[in-house]
Amino acid sequence: MKTIVINIGNTNIRFGLFEGEACTRSWIINTKPYKTSDELILQFTMLYQTHGIDAATIEKVIIGSVVPPLTQSVQRAMKKIHGFLPVLVDRDTPSPVRKKSKQMGTDIYANLVAAHFLYPHKKKIILDFGTALTASCLDESGDTLGVIIAPGIITSLNSLVGQTAQLPEIELTQPPSVLGNDTISCMQSGMVYGFLGMVEGFIDRINAEVNDDCFVVTTGGVSHVYKPLTEKIHIADKLHTLKGLFFLGK
């Protein structure tokens, strides 16, 4: 069975083609500027052609969104392309994961659901390096232990550059040393090692609070930058949220 899973985020829309339960292809587009359903039909059709996907072979479409103004436009576009209504999943979709709050975002919920199915029999921390940096914790039985929400790395970097007169835009990569010797390496060090310290601090404090050594998963746009820099992160999976949406929509 072939399924298209779509995660509509504040910065990007990520697509995944699932063949059975395996995600075999994935691609992203910018969320903004918002587009009409007609514009999305054209864009999605071109992306299908680029990735060699025949729309007629897709049996299900699953959508999760944290951007309400765009959700219906994507739904209408996918219905026009495939001829059937996509499955919309959200924080109220039933799963073995038990939430403590009715305010939980669909992306955080999907991260917890994916971790519950993929990494059973241990407590988990899921770090999502998205528009916001979130840390979610789940126990072995599916109970949500809590969530942390902080400003995202790219969000913070854009704010820093936008609010200063002389700081340039930079690529978020590991600098050659912790102490920088020019503006770019100084900023890279601040963004990479500053947020690494925050992430490691989150992990240590969560482990102390739940009295366990949690299994740590990272996902999101820049998670690959941080995984090689610390032993506290066990696995980086850019498709983790998509997998959660897939489990919710099965």
Side-chain angles (χ1 to χ4, degrees), residues 6-15 26-35 39 43 47 64-70 103-108 110-111 125-137 146-207 216-242:
I6 306 173
N7 178 28
I8 305 173
N10 289 294
T11 302
N12 294 316
I13 304 174
R14 181 176 286 278
F15 296 75
S26 176
W27 61 95
I28 61 174
I29 62 174
N30 290 328
T31 300
K32 296 177 181 178
Y34 296 157
K35 299 178 180 65
E39 291 172 311
Q43 188 173 23
L47 287 166
S65 174
V66 295
V67 189
L70 199 53
Q103 298 176 327
M104 179 177 288
T106 300
D107 50 351
I108 294 175
N111 284 337
I125 297 171
I126 307 94
L127 294 159
D128 192 338
F129 291 82
T131 307
L133 170 62
T134 64
S136 313
C137 189
V147 179
I148 298 170
I149 301 177
I153 290 89
I154 300 300
T155 304
S156 299
L157 178 58
N158 290 340
S159 178
L160 177 65
V161 173
Q163 297 298 319
T164 55
Q166 292 185 307
L167 293 182
E169 294 186 7
I170 62 168
E171 182 182 2
L172 190 66
T173 58
Q174 182 184 0
S177 61
V178 175
L179 294 173
N181 291 300
D182 56 72
T183 300
I184 291 177
S185 63
C186 292
M187 293 174 64
Q188 287 174 332
S189 184
M191 299 307 301
V192 172
Y193 292 115
F195 274 90
L196 179 64
M198 180 191 292
V199 165
E200 290 181 326
F202 284 166
I203 294 169
D204 289 342
R205 289 178 181 274
I206 292 171
N207 282 339
V216 180
V217 183
T218 65
T219 192
V222 296
S223 57
H224 64 282
V225 175
Y226 295 86
K227 170 65 172 69
L229 302 179
T230 178
E231 294 181 354
K232 295 181 184 293
I233 295 173
H234 298 106
I235 187 169
D237 182 2
K238 67 180 182 180
L239 303 178
H240 185 83
T241 311
L242 281 182

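Numbers here simply count residues along the sequence, with the first being 1. Computed from a predicted model, the values in this text were never measured in an experiment. Just so it is clear, the values below take in all heavy atoms, side chains as well, and ignore hydrogens, waters and symmetry mates.
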Separation between [atom1] of [X] and [atom2] of [Y], rounded to the nearest 0.5 Å:
{"X": "Lys32", "Y": "Asn10", "atom1": "NZ", "atom2": "CG", "result": "7.0 Å"}
{"X": "Asn181", "Y": "Cys186", "atom1": "CG", "atom2": "SG", "result": "7.0 Å"}
{"X": "Cys137", "Y": "Leu127", "atom1": "SG", "atom2": "CG", "result": "10.0 Å"}
{"X": "Asn111", "Y": "Thr218", "atom1": "CG", "atom2": "OG1", "result": "10.5 Å"}
{"X": "Leu160", "Y": "Ile170", "atom1": "CG", "atom2": "CD1", "result": "8.0 Å"}
{"X": "Leu47", "Y": "Trp27", "atom1": "CG", "atom2": "CH2", "result": "7.0 Å"}

May I ask you to decide if [Y]'s main-chain N or O and [X]'s side chain share a donor-acceptor pair within less than 3.5 Å?
{"X": "Thr31", "Y": "Gly9", "result": "yes"}
{"X": "Thr164", "Y": "Gln166", "result": "no"}
{"X": "Asp237", "Y": "Leu239", "result": "yes"}
{"X": "Ser223", "Y": "Phe129", "result": "no"}

Heavy-atom pair of closest approach, residues [X] and [Y]:
{"X": "Pro168", "Y": "Val161", "result": "O-CG2, 3.4 Å"}
{"X": "Ile153", "Y": "Met191", "result": "O-CE, 3.4 Å"}
{"X": "Ser65", "Y": "Thr106", "result": "O-OG1, 3.5 Å"}
{"X": "Pro175", "Y": "Ser185", "result": "CB-O, 4.0 Å"}
{"X": "Lys35", "Y": "Leu70", "result": "O-CD1, 4.0 Å"}
{"X": "Thr173", "Y": "Val192", "result": "O-CG2, 3.5 Å"}

* Provide the full list of salt bridge (charged side-chain N to carboxylate O under 4.0 Å, His left out) pairs with a residue in residues 162-183, sequence neighbours left out, each pair given once. => none
* Asked: Only one of Thr241, Thr134, Asp107 forms a side chain to side chain contact (heavy atoms under 4.5 Å, CB included) with Thr219, so which one is it?
  -> Thr241
Measure the shortest side-chain to side-chain distance between [X] and [Y] over non-hydrogen atoms and say whether it is less than 4.5 angstrom.
{"X": "Asn30", "Y": "Asn12", "answer": "yes"}
{"X": "Leu157", "Y": "Met187", "answer": "yes"}
{"X": "Thr155", "Y": "Thr11", "answer": "no"}
{"X": "Ile108", "Y": "Asp128", "answer": "no"}

Please output the side-chain donor-acceptor pairs of residues 193-206 that fall under 3.5 Å, not counting sequence neighbours, one pair per line with the distance.
unit_1: Tyr193; atom_1: OH; unit_2: Gln174; atom_2: NE2; d: 3.2
unit_1: Glu200; atom_1: OE2; unit_2: Thr230; atom_2: OG1; d: 2.7
unit_1: Asp204; atom_1: OD1; unit_2: Lys232; atom_2: NZ; d: 2.9

